[in-house]
Structure formats: C-alpha cells, structure tokens
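To start, the structure itself, in structure tokens.
Values reported hereafter were calculated over all heavy atoms of this structure, with side chains retained and with hydrogens, waters and symmetry mates removed.
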Protein chains: 2
Amino acid sequence: MTAPVTVLDRLLEISDLFQRDLAREFAGSSLTVARTRVLWDLAHEGPSTQHALATRLEVSPRNITGLVDALEAAGYVTREPHPGDRRAFLVSLTPSAAELMREMQRDHAELSDVLLGAVAPSDREALLRGIDAIAERLHDLVSAAEAGRTAARSAGADR
Amino acid sequence: MTAPVTVLDRLLEISDLFQRDLAREFAGSSLTVARTRVLWDLAHEGPSTQHALATRLEVSPRNITGLVDALEAAGYVTREPHPGDRRAFLVSLTPSAAELMREMQRDHAELSDVLLGAVAPSDREALLRGIDAIAERLHDLVSAAEAGRTAARSAGADR
DNA sequence: TATTGTTATACTCTATAACTATA
DNA sequence: TATAGTTATAGAGTATAACAATA
C-alpha cells in the first residue's frame with residue numbers, strides 16, 4: 001500500500017506545512033488563521049461592511065460578527081457607523097494592524113523568493129508554467145465539483 | 001498593493017482549493033476532514049491504540065477519544081480490547097471503511113494523474129524536481145521555525 | 001511511578017434561524 | 001418588503017487538567 005510519492009502527495013504536504021506554520025505563528029497571541037484572513041482582506045480591500053466581508057470571505061454574517069468582535073476587543077480593527085446607512089458598520093484596520101499587514105506582506109514576498117530560490121535556475125520557468133497549469137486545472141475541477149461530485153471523481157471516468 | 005502572482009500565491013491557492021474540495025466532499029455525511037485523517041492513518045498503519053493515533057496525528061489523546069467516538073458511532077471503526085494491555089483499545093477499520101479508504105486511494109492516484117496531465121510533457125521533469133525542492137526547503141524552514149520563529153521570518157535576514 | 005484513556009471544562013470556527021433596526 | 005447585523009442555539013475540532021484503571 002506504500003505508493004510512490006506523487007505530485008499530489010507533495011502538494012498536500014506543502015499545504016499541510018503552510019497550515020502548521022500559520023497556526024503555530026499565532027499560538028499564544030490573540031490572532032488565529034480565521035481572524036487574520038479578515039485583516040488580510042481589509043488590508044487589500046479597505047474599510048468594509050461586515051456584509052461585504054462575509055461575502056468576500058464566503059462565511060456567514062454570524063461568523064463575521066464573532067471574528068470582528070474578537071479583532072475589535074484585541075485592538076486590530078474598529079467598528080464605526082457607516083455614513084449613509086445606519087444599519088451598517090464600517091470595519092477598518094487600526095494603524096498597528098495595518099502595519100502588521102504590511103509586515104506580513106513583506107514576509108510573504110520574502111518566503112516566495114526563498115522557495116523559488118530552492119529550485120534550480122534552469123527548472124524555474126517550467127516549474128512556474130507547471131504550477132500555473134495545475135492550479136488552473138484544479139480550479140476547474142473544483143468548480144465542476146461544486147455542481148455535484150468531488151474533484152477526484154469528476155476527474156475520472158465516472159465509475 | 002496588487003503584487004504580481006508568485007509561486008507562493010499559487011501554492012496557497014492550491015492549498016485552499018484542496019481544503020474546500022475536501023470539506024465539500026464530506027458535507028452532509030458523518031465524515032469530516034479530521035475524522036478522515038484517522039481513517040486514512042488506520043488504513044496505512046493498521047489497527048492502533050488511541051495513544052498511537054494521537055502521537056502520529058499530532059493531536060491530544062482527548063481529541064482522539066472524540067474522533068473515535070464519532071467514527072465508532074457511524075460504523076467506520078471498532079474498539080476492541082487490546083490483547084496484552086487491559087488499559088488500551090485497539091481501533092480497527094470496519095470492512096466498509098477499509099473499502100472506502102481503497103476507493104479514496106484510487107481517487108487520489110487518479111487526481112494526481114489528472115493534475116500532472118495538465119502540465120506540458122516537456123515541463124514535467126522540471127516541475128517534479130522543483131516541487132520536491134520547494135517541499136524540502138519549506139520542511140526545513142518549518143522545522144527551524146518550530147524552534148522559535150515563523151518560516152517567513154526565519155527565512156530572511158532577522159530584521 | 002508511568003501510561004492509557006476518560007470526564008470536566010473551555011475556546012474557536014462554523015452554520016441556520018429568529019429577531020431588531022433601518023432602508 | 002428587503003437588508004445589516006445581532007442573539008440564540010448547536011455541532012465540530014481542539015487543548016489542558018484531573019482522575020480512573022492498569023502496567
């Protein structure tokens with residue numbers, strides 16, 4: 001049952017490593033992966049209503065309420081009345097959270113460089129093309145699956 | 001702030017697609033990603049004590065108790081007295097769960113083929129070498145980080 | 001005394017449904 | 001009537017700590 005290590009195995013391993021690293025990075029702080037997704041989104045999209053956050057992050061409005069509660073309590077975001085719609089709030093990053101996101105953006109770029117640096121220069125172009133092709137194919141499979149089956153299954157002859 | 005799409009972005013995108021696909025695959029059934037990890041481990045390692053499962057999956061014994069409770073209730077595993085240690089249980093896959101794991105293994109291999117099939121044949125060797133190199137480097141970074149810093153940070157000059 | 005697993009407790013992420021205030 | 005966000009409720013994953021039975 002010990003099959004050879006495939007592309008998929010490697011990609012899953014990489015996924016798992018990202019997960020673990022992120023989770024560990026936040027251990028002990030009041031940040032978590034889910035909360036950081038909110039901060040990251042705000043950094044890229046600017047101040048937003050909770051409804052907009054829920055839509056972009058594809059989670060329920062109730063979930064956003066909880067995440068924003070926690071982020072607000074820990075001083076990462078503020079809720080201000082929405083000018084022009086008294087039902088809504090505008091959620092904004094605090095200055096220190098904005099700075100944290102810039103740091104994270106730099107770390108992100110740096111990690112990307114380091115990882116690409118591990119690849120032999122003569123392999124880099126093919127690698128980039130290949131990863132693009134895989135991401136695109138996987139995206140198509142998942143989209144198709146969202147109309148019924150799983151990626152693995154819709155990928156094959158429907159046995 | 002809209003940076004070009006990098007290797008890291010692509011890999012994170014792929015991670016996210018795997019996550020979503022897996023989660024959706026189990027929606028509505030009594031399986032979940034965490035529970036399936038237990039089944040997958042049992043399929044590869046054979047009948048195990050809960051302690052062994054907790055160690056291999058790197059979660060707390062308490063967590064395993066809950067996962068095995070759920071899997072047992074849904075008929076995926078059995079708990080039998082451990083011959084030779086009356087404190088412990090041996091957790092085993094039921095025949096139908098073993099068959100399910102074989103199916104999953106086949107789907108896995110098939111998906112791997114499909115993804116590699118999306119890559120131009122002339123790029124495949126370089127892609128495989130590159131992904132290996134990235135996985136290895138990331139593994140090293142995460143191991144180092146587990147002794148203090150985060151991967152992104154330990155990757156760079158310690159600013 | 002050390003180990004295996006459970007009970008007790010708690011926090012986070014997540015969802016749906018009912019409700020309030022406003023549009 | 002529709003929308004933004006909250007309260008209520010619930011399930012799942014996870015952890016630590018205290019405890020039972022057994023080694």
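One interatomic measurement links the two molecules: CZ of A:F26 to C1' of C:dC11, which rounds to 17 Å at whole-angstrom precision. Between the CG atom of A:L22 and the P atom of C:dT12 there is a distance of 18 Å, given to the nearest Å. Atom CD in B:Q19 sits about 15 Å away from atom P in C:dC13, given to the nearest Å. For the pair B:Q50 CD and C:dT6 C1', the interatomic distance rounds to 9 Å; values are reported in whole Å. The distance from atom CG of A:L57 to atom C1' of D:dG5 is 16 Å, rounded to the nearest whole Å.
Sorted by first then second residue, the salt bridge (Lys or Arg N to Asp or Glu O under 4.0 Å) pairs that include residues 60-81 of chain A, not counting sequence neighbours, are A:D69-A:R79, A:E72-A:R79.
Scanning all heavy atoms of the two residues, the minimum distance from B:V142 to A:D21 falls at CG2-CB, 4.0 Å. Taking each heavy atom of B:S48 and B:L53 in turn, the nearest pair found is CB-CG, 4.2 Å. Across all their heavy atoms, A:Y76 and A:A97 have their closest contact at O-CB, 3.1 Å.
The main-chain N or O of B:A74 is never found under 3.5 Å from a side-chain atom of B:S30 such that the two would form a donor-acceptor pair. Put simply, the side chain of A:S92 never gets that close to the backbone of A:P47: no donor and acceptor are under 3.5 Å apart.
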Which pairs, protein N/O on one side and nucleotides 20-23 of chain C N/O on the other, fall under 3.5 Å?
| unit_1 | atom_1 | unit_2 | atom_2 | d |
| --- | --- | --- | --- | --- |
| C:dA23 | OP1 | A:R86 | N | 2.8 |
| C:dA23 | OP2 | A:R86 | NE | 3.4 |
| C:dA23 | OP2 | A:R86 | NH2 | 3.2 |

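A heavy-atom distance below 4.0 Å to DNA chain D is reached by none of the residues of residues 28-36 of chain A. Heavy-atom distances under 4.0 Å link DNA chain C to A:V59, A:S60, A:R62, A:N63, A:L67 of residues 59-72 of chain A, given in residue order.
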Run the salt bridge (Lys or Arg N to Asp or Glu O under 4.0 Å) test on A:R24 and B:E58 for me, step by step, so that the C-alpha distance in whole Å, both residues' side-chain angles and the decisive distance to 0.1 Å come before the verdict. CA-CA 13 Å; A:R24 210 215 48 270; B:E58 298 185 89; over 6 Å; no
Derivation and outcome, side chain to side chain donor-acceptor pair (under 3.5 Å), residues A:N63 and A:S60: CA-CA 5 Å; A:N63 194 353; A:S60 65; 4.9 Å; no
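B:D16 pairs by the salt bridge (Lys or Arg N to Asp or Glu O under 4.0 Å) definition with nothing, not counting sequence neighbours.
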Side-chain donor-acceptor pairs of residues 125-138 of chain B under 3.5 Å, sequence neighbours excluded:
| unit_1 | atom_1 | unit_2 | atom_2 | d |
| --- | --- | --- | --- | --- |
| B:R129 | NE | A:D123 | OD2 | 2.8 |
| B:R129 | NH2 | A:D123 | OD1 | 2.8 |
| B:D132 | OD1 | A:R10 | NE | 2.6 |
| B:D132 | OD1 | A:R10 | NH2 | 3.4 |

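Backbone-only engagement by B:R79 is indicated by non-hydrogen atom pairs under 4.0 Å involving sugar-phosphate atoms exclusively.
Between A:V91 and A:T78, every side-chain heavy-atom pair lies at or beyond the 4.5 Å cut-off.
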